[in-house]
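Report on the structure given below.
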Amino acid sequence: MQTDGWVVAGLDNGGNKNNATVLDASGRFLVDELLESPSRVTEGPDVAIEALALSFEDVLRRTGITRDCVRALGLDTPGPASAAGVISSQGSTNFAHPGWRGYDFRGALEARLGLPVVYNNDGNAAALYAHHQLFGPAAPRRGSISAIVGTGLGGGVIDKGQVIKGAAGFAGELGHVHIPMRGLLQPGQPLPHCNCGFDGDAESVASLTGIENNLLPYWLTRYPDHELARTGSAAEAAKLVRSYGERGDPMALAIFVQQARAVGRLFTIAANFTDPDAYFLGGGVVEAAPRFREWFLAKVRESTALKEEQANVARFEVVPHLDMAGARGAAIAALERVHAR
Ligand SMILES: [Zn+2]
């Protein structure tokens, strides 16, 4: 492929797969599809770094870009990690191998490839991509929040086009922000517990883990004859709730109303903290059937308490191309670094 001059690359590292992209100096992506390969993170850092190097070589080959045209690389991984890309010393779900504890992932990839590497966690990278995709050239003057409902609740906060990372890199951990439970829970419904140790934070409700540990066990006491009461493990049953919701099942809809309210309350906190221009929602729940997605988005919007002036300008959007958003956001961060020099 022809490009005028130089490019940057984005590498998205996940629990199972890597995905790679290339972005040219004008901000055009040269890859339109997922370019996945095994991430091999369970085998430890040395193996995983080689897997990323292969993924990088593969995307260059596919786009016909020579290595000397690449000015910088963006890397994104699941957290928790510092702003500089050092994996938490306590390890994490995705980085269980002992070699990952306190590992300087960004520095190691930079040394291996001999190119400047810019780090973001995966939620922040996806948030950066959603922001740029919506605002284009106006991105540096806009703010947004992205909430991505998956196994946990991830995402990020952008202000004036920049990811808010905080002093230690833990800003934008939206899942562990406490939200008001009054009016969200049913009378007698237990306070939902999160794996982080908190009760009543956003992730304890708005995540697959929240369905499995908190919402489904409660709602099955209200619907004891529901088919999901007889479904294998709690984890399997939790994954099936969405398909029931898409079919209009009353118990599943009750669960998703609670999730939508949780996200709306989180967005209300954002409205009072950074007052963003856009509120993005991502994850399985909005990758669902269109009618269900619209229903869910409308519930989130009506649960977000905005002042009239805010409501006049606020945009509610879906995170686009969620499967590619990490690699693309990582590449955007690399491009910004090159432009800032
Ligand atoms: Zn939490």
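The model shown is predicted, which means the values in this text are computed figures rather than measured ones. Counting starts at 1 for both ligands and their atoms, in listed order.
Applying the ring-ring contact (aromatic ring centres under 6.0 Å, His included) rule to H178 yields the partners F198; only residues at least two apart in sequence or on another chain are considered. Shown here are the ring-ring contact (aromatic ring centres under 6.0 Å, His included) partners of F296, two or more places apart in sequence or in another chain: there are none.
Between Y129 and H321, the ring-plane angle classifies as tilted under the 30° and 60° cut-offs.
Residues F95 and Y103 keep their aromatic ring centres 6.0 Å or farther apart.
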Could you give me the CA-CA distance, side-chain angles and deciding distance for Y119 and R106, then say whether side-chain hydrogen bond (donor to acceptor under 3.5 Å, both in side chains) is met?
-> CA-CA 6 Å; Y119 179 82; R106 189 206 65 80; over 6 Å; no
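Residue pairs meeting the salt bridge (Lys or Arg N to Asp or Glu O under 4.0 Å) criterion with at least one member in residues 231-250: none, sequence neighbours excluded.
Counting only protein N, O or S atoms, the number found under 2.8 Å from the Zn ion (ligand 1) is 4.
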